[in-house]
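Here's the structure, in structure tokens; my notes come after.
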Amino acid sequence: MFGGSWTQQKLEILSEYLRAYRLIFHKNPRARFFETSYVDAFAGTGEIPRRKLQGFFKDDPDMLKAEEEFRKGSVKRALEVEPPFHHYVFIEKDAGKCKELEALKKEFTNCDITIINEDANAALLNWCAELDTRKERAVVFLDPFGASVEWKVIAAIADTKAVDLWILFPYAAINRMLVSEGMPPKAWADRLTRIFGTDQWAKDFYSTSSWKSLIDPEKRVERTYKTADQEQITEFFMKRLKGKFAAVAKPGFLYNSKGLLFVLMFAAGNQKGAEAGVRIANHLMKRLGQ
Ligand SMILES: C[S@@+](CC[C@H](N)C(=O)[O-])C[C@H]1O[C@@H](n2cnc3c(N)ncnc32)[C@H](O)[C@@H]1O
């Protein structure tokens with residue numbers, strides 16, 4: 001369920017990274033030259049939907065305080081970072097959720113907040129094109145429910161050479177499209193190609209065997225099947241990131257009771273900041289299964 005412990009783990013890692021990032025840019029005289037932005041491209045509302053506290057706990061002040069912290073989504077956690085980012089960009093395609101995001105402007109009056117009610121892929125391509133990389137740096141967080149981020153967007157983010165990217169690779173959603181017997185149907189195959197930015201996945205993830213037909217020895221029978229496992233699928237995407245970004249951290253695996261759901265990944269786009277960024281991310285990722 002959305003709001004479970006893997007959600008908390010990913011959000012705590014993101015918040016700690018954002019705090020460290022802002023401290024570096026605030027304290028380091030050369031880094032202070034840059035304006036920093038936090039871009040949340042699947043922003044939600046700032047609150048995580050969770051069941052209300054029940055029974056004995058519902059009036060306990062400590063439990064209420066802990067629950068309030070648990071409920072904070074990525075947007076709220078980013079707005080609470082001290083010192084704040086110079087700019088916040090929240091992209092959310094649901095108009096109702098954008099209204100809730102608008103209300104945060106009153107709560108965080110010291111923050112410069114832009115809300116974009118649009119598809120994340122389109123909005124991010126525009127945002128990348130407008131970023132002034134001579135004087136701007138940014139952290140982008142991609143937290144989709146499913147497989148909705150296209151590779152061309154990740155490539156555009158990398159090409160800025162000014163952005164640190166946190167992305168939740170939607171392993172379970174992608175693995176569902178990678179059917180076990182035969183190749184995925186065309187619509188899924190096309191989607192997988194847009195997500196990976198190449199059709200090489202088909203060769204790497206599938207094998208074909210053929211043998212003489214028992215019924216008609218003149219004919220051959222062919223069977224195509226998936227050979228890739230969790231590790232190969234994750235590694236394929238990691239390699240794609242490594243090919244575009246200055247450096248990439250070790251991935252962190254987020255499970256629920258049914259298995260692997262997402263893989264949290266971090267990629268640093270700016271050569272100068274990459275070493276520090278990846279060191280911090282690697283340290284934080286140790287909390288997750290690796
Ligand atoms: C997993 S939730 C994000 C949760 C958020 N990071 C948090 O911690 O509160 C994904 C959000 O992305 C939005 N969304 C889904 N597809 C989208 C798209 N193509 N573009 C922009 N937003 C989208 C959904 O409405 C949902 O609010």
Side-chain angles (χ1 to χ4, degrees), residues 1-19 21 37-51 67-81 85 88-105 107-108 111 113-128 138-154 156-157 164-174 176-177 187 190-192 194-195 252 254-256 260-266 284 287-288:
M1 183 197 112
F2 183 40
S5 68
W6 58 270
T7 301
Q8 294 300 329
Q9 287 176 326
K10 94 183 163 190
L11 290 174
E12 277 162 24
I13 288 176
L14 174 77
S15 324
E16 286 196 34
Y17 186 83
L18 296 180
R19 280 200 288 274
Y21 183 92
S37 294
Y38 170 72
V39 181
D40 203 318
F42 294 83
T45 60
E47 292 271 319
I48 295 170
R50 277 166 64 90
R51 249 179 281 135
E67 182 56 23
E68 197 185 311
E69 283 304 312
F70 270 151
R71 272 182 199 283
K72 285 178 186 164
S74 51
V75 158
K76 259 202 177 162
R77 292 179 198 227
L79 288 166
E80 285 180 352
V81 167
F85 283 75
Y88 290 87
V89 179
F90 301 144
I91 303 165
E92 171 54 59
K93 86 169 180 194
D94 182 309
K97 290 182 181 175
C98 283
K99 271 201 187 135
E100 292 188 51
L101 289 170
E102 283 292 341
L104 291 174
K105 286 185 180 172
E107 198 179 322
F108 294 92
C111 296
I113 303 174
T114 304
I115 295 159
I116 304 175
N117 181 198
E118 219 182 301
D119 167 64
N121 289 292
L124 279 169
L125 288 175
N126 288 338
W127 177 82
C128 287
V139 180
V140 171
F141 181 43
L142 300 179
D143 183 18
F145 280 129
S148 30
V149 179
E150 299 192 359
W151 179 259
K152 66 179 177 197
V153 175
I154 295 175
I157 290 172
D164 282 359
L165 174 68
W166 282 94
I167 175 167
L168 237 73
F169 175 67
Y171 172 80
I174 286 173
R176 261 196 303 277
M177 287 192 275
D190 290 347
R191 188 143 164 232
L192 288 161
R194 286 200 299 278
I195 291 163
L254 296 161
Y255 294 90
N256 73 357
L260 182 62
L261 272 186
F262 289 100
V263 185
L264 185 59
M265 297 179 182
F266 172 82
L284 295 170
R287 295 177 192 170
L288 304 176

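Numbering of ligands and ligand atoms starts at 1, following listing order. Treat the numbers as computed from the prediction; the structure is a model and nothing was measured.
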| query | If you measure from each non-hydrogen atom of T45 to ligand 1, which part falls under 4.0 Å: side chain, backbone, both or neither? | reply | neither
| remark: Interatomic distance, CG@L101 vs CD1@I115, rounded to 0.5 Å, equals 5.0 Å
| Between Y21 and F85, is a side chain to side chain contact (heavy atoms under 4.5 Å, CB included) present by the stated rule, with each step listed? | CA-CA 9 Å; Y21 183 92; F85 283 75; 3.7 Å; yes
| remark: Quick look: S148 vs ligand 1, heavy-atom contacts under 4.0 Å, and the answer is neither
| field | D40 N/O to ligand 1 N/O under 3.5 Å | value | no
| field | D94, any N or O under 3.5 Å of ligand 1 N or O | value | no
| Is there a heavy atom of G46 sitting under 4.0 angstrom from any atom of ligand 1? | no
| If you measure from the Lys or Arg side-chain nitrogens to the Asp or Glu carboxylate oxygens, is any gap between R287 and E16 under 4.0 Å? | yes
| request: Could you tell me whether K97 and ligand 1 have an N or O pair separated by under 3.5 Å? | output: yes
| query | With E80, which residues qualify under salt bridge (Lys or Arg N to Asp or Glu O under 4.0 Å), at least two apart? | reply | K72
| query | Any idea which part of E118 is under 4.0 Å from ligand 1, heavy-atom wise: side chain, backbone, both or neither? | reply | backbone
| query | Side chain or backbone of A123 under 4.0 Å from ligand 1, or both, or neither, by non-hydrogen atoms? | reply | neither
| query | Would you say K10 has any N or O atom under 3.5 Å from an N or O of ligand 1, going by distance alone? | reply | no
| What is the ring orientation for Y38 with Y88, classed by angle as parallel under 30°, tilted 30 to 60°, or perpendicular over 60°? | perpendicular
| note | Sorted by chain and residue number, the side-chain contact (heavy atoms from CB on, under 4.5 Å) partners of K99 (sequence neighbours excluded) come out as none
